[in-house]
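Report on one structure; see the data block that follows.
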Amino acid sequence: MFASYLIGLREGLEATLVVSVLVAFLVKSDRKNRLPQVWAGVGVAVALSIGFGALLTFTAAHLSHGQQELFDAVTSLLATVFVTWMIFWMRRASRSLSGELRARLDEAIQVGTGAVVIMAFLAVAREGLETALLFFASVQGATTSATPLVGITLGVLTAVVLGWGLYRSALRINLTVFFTWTGLLLILVAAGIFKYGVHDLQEANVLPGLSDYAFDISSVMPADSWYGALMAGMFNITPQPSVLETAAWLLYALPTLVLFLRPQRRRPAPTSPVSVSDPRSAA
């Protein structure tokens, strides 16, 4: 549940900040008549994201066992690519994101109503599609209960509350610290997703070594124990992984963490808390 909650919180807050920047810009520039167009684009993006998640689930449910393992592997690998790109993109572009969004919206307003709807749609759709893919990949094989769905729903709701608080200046959050810590945790989640993708490729007989175990700690961390289920659900750490699974986890997690923690060359941004009520500090 923690992994799905983190996905909903992180992606949801990014989308909420984007919407907050757009709404704040229209309100402050006395263009409130454009708000329905922005909300229309946001609504279409949310509907598309939900539909994409439903399509992934429907497709997986109507495949044979071997095809489903291969499908899960592909979605897991794609999710790993997208979440890695998202983490580093946000780390690099967060300082200029607000200004870019305001400039794009101003240009769209000059074009017309349809352009505003499309601009708002594109600004939110990427986050939504990433969320659907990442959520689908993260829960494969973790549990058959509704816990992951509850987790991601709570994460999104938390993000909406935080975003509203930032917009209304009722809440101040150090977004640099927030995205750094959630980025670190998402890297571990992504490492688990990548590991599971390798496991699915082994299940589909694309890769060998399914029964070549790197270690076996099932005696101290049984898969059916609460803490075993917790580690599997959070980071896909299992008590009896194959050699390839373990190598995949290490080969992804270690260099990605090093690159993420490496200081950026350009001057760091101020670390004081920010508020979305000032569009310049929205992201």
- prompt: Between the side chain of E245 and the main-chain N/O of S242, is any donor-acceptor distance below 3.5 Å?
  reply: yes
- prompt: Is the NZ or CZ atom of R34 both under 6.0 Å from the centre of the six-membered ring of W39 and within 45° of that ring's axis?
  reply: no
message: Does D30 have more than 12 heavy atoms from other residues, nucleotides or ligands lying within 6.0 Å of its CG?
response: no
task: In sequence, state the C-alpha distance, the side-chain angles, and the governing distance for K195 and T246, and then conclude on side-chain hydrogen bond (donor to acceptor under 3.5 Å, both in side chains).
output: CA-CA 7 Å; K195 168 183 171 291; T246 304; over 6 Å; no
- prompt: Are L251 and V81 linked, directly or through other ILVMFWY residues, by side chains that come within less than 4.5 angstrom of each other?
  reply: no
query: Is it true that atom CZ of F52 has more than 12 heavy atoms of other residues, nucleotides or ligands lying nearer than 6.0 Å?
result: yes
E14 (side chain) donor-acceptor with E127 (main chain) under 3.5 angstrom: no
- prompt: Just by distance, do the side chain of T256 and the backbone of A253 share a donor-acceptor pair under 3.5 Å?
  reply: no
- prompt: Do you know which two heavy atoms are closest between G12 and A159, and how far apart they sit?
  reply: C-CB, 3.4 Å
query: If you measure from CD1 on I193 to CG on L78, what distance do you get to the nearest 0.5 Å?
result: 11.5 Å
- request: Check whether any side-chain heavy atom of L188 sits under 4.5 Å from a side-chain heavy atom of W249, and report yes or no.
  value: yes
query: What orientation do Y252 and F194 show, parallel under 30°, tilted 30 to 60°, or perpendicular over 60°?
result: tilted
field: Within 6.0 Å of CH2 in W85, more than 12 heavy atoms from elsewhere
entry: yes
query: Nearest heavy-atom pair of A204 and G66: which atoms, and what distance?
result: CB-O, 4.1 Å
message: What's the separation between atom CG in L55 and atom CZ in F136, rounded to the nearest 0.5 Å?
response: 9.5 Å
- request: Give the ring-plane orientation class for F58 versus H62, where under 30° counts as parallel, over 60° as perpendicular and anything between as tilted.
  value: tilted
Closest non-hydrogen atom pair, M119 against A108: CB-CB, 4.0 Å
- line: Heavy-atom closest pair (S49 atom, A125 atom, distance to 0.1 Å) is OG-O, 4.2 Å
field: Donor-acceptor contact present, side-chain Q202 to main-chain P208, <3.5 Å
entry: yes
